[in-house]
Amino acid sequence: MRYSRAFIPTLKEVPKDATMPSHVLMLRAGYARMVGAGIYELLPLGTRVLHKIEQIIREEMDAAGAQELLMPTFVPGEYFKETGRWDLYGPTLLRVKDRKGGEYHLAPTHEEIITDLARREVKSYRQLPLNLYQIQLKYRDEPRPRAGLLRCREFIMKDAYSFDVSEEAALRSYEQMRDTYHRIFKRLGLEYRVVEADSGAIGGKQSAEFQILAQTGEDWIVACNACDYAANAEVAQAGPAAPPASGTAELQPLEKVKTPDTRSIDEVVSFFGDETTAAHTLKSLLYLAAEGLCLAVVRGDHEVNELGLARHLGVEEVLLASDAAVKEATGTEIGFVGPVGFAGRIIADPDAVAVPNAIAGASDTPYHYKNVNHGRDFEAEVVSIRQAASGDPCPNCDGKLELYRGIEGGHIFVLGTHYSDKMHATFLDEAGSSQSIVMGCYGIGVSRLIAAIMEQHHDEHGIRWPVNVAPYEVIITPIGKEAAPLTQATEIYDALRAEGVDALLDDRAERPGVKFKDADLLGIPLRVTVGSRGLKQGTVELKKRTESESQDVPIDGAVAAVLTAINDREG
RNA sequence: CGGGGCGUAGCGCAGCUUGGUAGCGCGCACGGUUCGGGACCGUGAGGUCGGAGGUUCGAAUCCUCUCGCCCCGACCA
């Protein structure tokens with residue numbers, strides 16, 4: 001492509017409505033424009049990236065034996081009504097009426113439609129296993145679309161559905177998709193973690209999310225820096241924390257200290273001063289659960305994982321007790337509550353009970369106890385109820401946990417017979433008896449990946465595409481107003497195209513600075529600079545977007561050098 | 001849905017408090033000088049001030065309603 005003819009509307013300034021890097025960059029670099037909230041048009045550059053991502057997905061899905069098809073996005077409501085999702089989906093489902101008043105919707109996902117196809121066409125175990133996928137638009141009227149392509153109301157998804165004769169066979173399909181997803185995400189140049197998720201509400205046996213690590217992501221995940229452990233922050237565990245530095249391991253006698261105006265851990269720490277840190281204190285929080293009140297105790301520098309606490313208690317959720325309830329139950333004010341002498345149920349985190357001679361509220365305003373020790377001064381059920389945090393030890397190895405934001409790039413799920421039972425999608429087995437087809441579903445947010453890759457691959461100058469997904473692999477930049485650089489650049493451009501390289505020739509009559517800035521902004525992985533200066537010595541410059549230095553290469557070696565650089569990065 | 005912010009030229013913004021001929025920078029067009037990291041000078045095109053209603057001699061500015069967008073939260077197969 002010749003840049004002078006390309007539709008690449010770049011912006012010098014950051015559009016006011018964009019805050020996230022990928023959102024800013026896709027607008028500034030001319031990849032996409034907004035039409036409405038959560039509704040975008042992909043411009044030529046964005047479309048090229050989309051096609052590259054799709055191509056990688058297709059290659060890997062096809063290699064796994066999946067077959068591409070295309071289902072409608074505009075579908076009759078009867079299928080969702082059949083499974084109950086017409087009502088369950090709520091306002092997120094975009095409903096449409098046709099001229100006769102018939103109820104339709106724009107598909108947010110296709111389990112029902114594909115299950116209907118399967119029940120009509122799959123009759124025999126001989127037709128299984130089967131894995132069908134499509135790449136097309138999905139519609140979800142999200143309550144809050146945000147961050148450009150990261151959360152849209154109309155977006156492009158790859159959704160695959162597997163059909164098997166048994167749970168075991170379905171699990172094999174699931175594992176195969178997991179392997180396939182690993183290959184896809186690696187080829188896309190993404191740093192990601194597979195996060196085991198709880199088996200969800202929908203009769204699922206197993207599910208995993210492919211979380212792309214990005215500080216701008218919506219999900220919180222905890223991941224080890226040494227091993228593969230990764231989990232949603234909600235369910236993440238941490239290994240035992242190192243106990244706080246302590247003058248003596250000897251148990252000191254319990255001591256009640258008057259501590260006015262020390263409601264927060266910070267205030268307590270600064271009151272006691274000296275060597276005291278938050279890790280020397282205990283944080284005691286009173287929670288309301290269905291069965292009544294209980295006191296949760298974690299180390300002062302830790303936070304309570306309320307979901308974990310609720311699970312231990314066997315209840316749906318727990319709520320922090322109000323000031324009044326705290327006063328009534330303990331006779332003291334918030335900030336002075338402690339486990340010593342507490343009459344009710346106490347649940348303490350292992351890291352909390354490991355603190356020797358801890359400082360804790362005395363349940364008497366305004367006093368704290370010094371030298372509180374579990375087992376001597378109070379008894380508690382010891383259960384891990386703290387949130388895993390950045391820097392915590394990994395529960396599985398010697399590594400450290402890091403807290404990340406994640407972008408959910410993919411999700412794989414064993415569905416079981418949830419849909420096939422409801423929709424009577426059955427087959428005849430070898431013995432001639434009717435069985436429900438066992439299903440799995442596998443999604444990738446394709447348009448979201450465009451943004452996710454930008455989130456991971458950019459710097460202050462612009463995007464830095466991995467070569468596999470770059471809209472153009474190389475940009476050839478002639479410099480100067482003489483004819484020679486453009487002539488030479490065009491020669492290299494033609495040669496590269498003949499080699500099948502996606503090349504962009506910056507033939508614009510712009511000053512060098514403008515061309516360099518744009519090349520960096522667009523994020524083209526390689527730049528070949530052809531200037532009269534180099535031509536005199538018979539060289540051109542080759543520069544990688546990710547490196548600050550360029551290298552001189554002989555003119556007739558330029559094409560080979562570009563091919564080498566591209567293939568290096570593909571490896 | 002709750003909280004906050006913003007709608008004025010393609011983009012970024014000023015003007016609004018105190019009503020009186022709609023401005024600046026970038027971009028765009030033309031001419032000239034420049035030419036290895038977003039050059040400079042000159043000329044010019046481009047706006048129903050998100051929309052509707054009201055107050056007023058007169059509304060971008062004041063009042064009412066409304067639409068849209070962004071951020072935080074709630075929600076999210």
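Salt-bridge check for R85(A) with E111(A): passed, with a basic side-chain N closer than 4.0 Å to an acidic carboxylate O.
In terms of phosphate contacts, K12(A) brings a side-chain nitrogen or oxygen within less than 4.0 Å of OP1 or OP2 of rG27(B). Remark: R511(A) is in phosphate contact with rA39(B), judged by side-chain N or O atoms under 4.0 Å from OP1 or OP2. Between R144(A) and rC70(B), a side-chain N or O to OP1/OP2 separation shorter than 4.0 Å is absent.
With rounding to whole Å, R33(A) atom CZ is found 15 Å from rC70(B) atom P. Atom CZ of R508(A) is separated from atom C1' of rG38(B) by 10 Å (rounded to the nearest Å). rG27(B) atom P lies 10 Å from atom CD of E510(A), rounded to whole Å. Atom C1' of nucleotide rG50(B) and atom NZ of K16(A) are separated by 11 Å, given to the nearest angstrom. Between the CG atom of D141(A) and the C1' atom of rC75(B) there is a distance of 12 Å, given to the nearest Å. Regarding R153(A), its CZ atom lies at a distance of 9 Å from the P atom of rG68(B), rounded to whole Å. Nucleotide rC75(B) holds its C1' atom 13 Å from the OH atom of Y89(A), rounded to whole Å. With rounding to whole Å, D520(A) atom CG is found 17 Å from rG36(B) atom P.
Nucleotides rU33(B) and rA59(B) have their P atoms positioned 49 Å apart, rounded to a whole Å. Comparing the P positions of rG73(B) and rG58(B) gives an interatomic distance of 48 Å, to the nearest angstrom. Rounded to whole Å, the P atom of rC11(B) lies 13 Å from the corresponding atom of rG50(B). rG20(B) and rC62(B) have their C1' atoms separated by 15 Å, given to the nearest Å. Across the P atoms, rG47(B) and rG42(B) are found 24 Å apart, a figure rounded to whole Å. Taking atom C1' on both nucleotides, rA22(B) is separated from rG46(B) by 13 Å, rounded to a whole Å. Between rA60(B) and rA52(B), the distance separating the two P atoms is 12 Å to the nearest Å. As rounded to the nearest Å, rA45(B) and rC30(B) have P atoms that lie 15 Å from one another.
Ring orientation note: the planes of F80(A) and H105(A) are tilted relative to one another, at an angle of 30° to 60°.
If you check distances only, the side chain of R28(A) does reach the base of rG38(B) with a donor-acceptor pair under 3.5 Å.
R533(A) comes within contact range of at least one nucleobase, with a heavy-atom separation under 4.0 Å. Across all strands shown, E408(A) has no heavy atoms under 4.0 Å from either base or sugar-phosphate atoms. Within 4.0 Å (heavy atoms only), A147(A) reaches sugar-phosphate atoms of the nucleic acid but no base atom. Within the 4.0 angstrom heavy-atom criterion, no nucleotide atom of any strand lies near L88(A).
Nucleotide rC1(B) is matched to rG73(B) when pairs are restricted to Watson-Crick or G-U wobble geometry with both distances under 3.5 angstrom. For rC13(B), the paired base is rG23(B) (Watson-Crick or G-U wobble, both distances below 3.5 Å). Across every strand in view, rG68(B) sits in a pair with rC6(B) that passes the Watson-Crick or G-U test at under 3.5 angstrom.
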TODO: For Y442(A) and H411(A), run ring pair (Phe, Tyr, Trp, His ring centres under 6.0 Å): C-alpha distance rounded to whole Å, both residues' side-chain angles, the deciding distance at 0.1 Å, then the answer.
DONE: CA-CA 6 Å; Y442(A) 317 93; H411(A) 184 156; 9.7 Å; no

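A residue-by-residue look at P145(A) and G443(A) shows that P145(A) has its nearest nucleotide of RNA chain B further toward the 5' end. For the pair T19(A) and K481(A), both in contact range of RNA chain B, the more 5′-proximal nearest nucleotide belongs to K481(A).
The neighbour count for K81(A) NZ, taken as heavy atoms of other residues, nucleotides or ligands under 6.0 Å away, is above 12.
Here the side chain of V514(A) is nearest to one of rC75(B), rA39(B), rG12(B), namely rA39(B). Considering only the side chain of D17(A), rC69(B) comes nearest among rC71(B), rC69(B), rG37(B). Counting only heavy atoms from C-beta on, L11(A) has its side chain closest to rC11(B) among rG38(B), rC11(B), rG37(B). In this structure, of rC11(B), rG37(B), rC69(B), it is rC11(B) that holds the atom nearest to the side chain of E13(A). Nearest to the side-chain atoms of P15(A) among the listed nucleotides rA39(B), rC69(B), rG12(B) stands rG12(B).
A donor and an acceptor atom, one from each side chain of Y89(A) and R95(A), are nowhere located under 3.5 Å apart.
Between P15(A) and R28(A), the closest side-chain pair of non-hydrogen atoms falls below 4.5 Å.
At least one cation-pi condition fails for R193(A) and F210(A): the charged atom is not both under 6.0 angstrom from the six-membered ring centre and inside a 45 degree cone around its axis.
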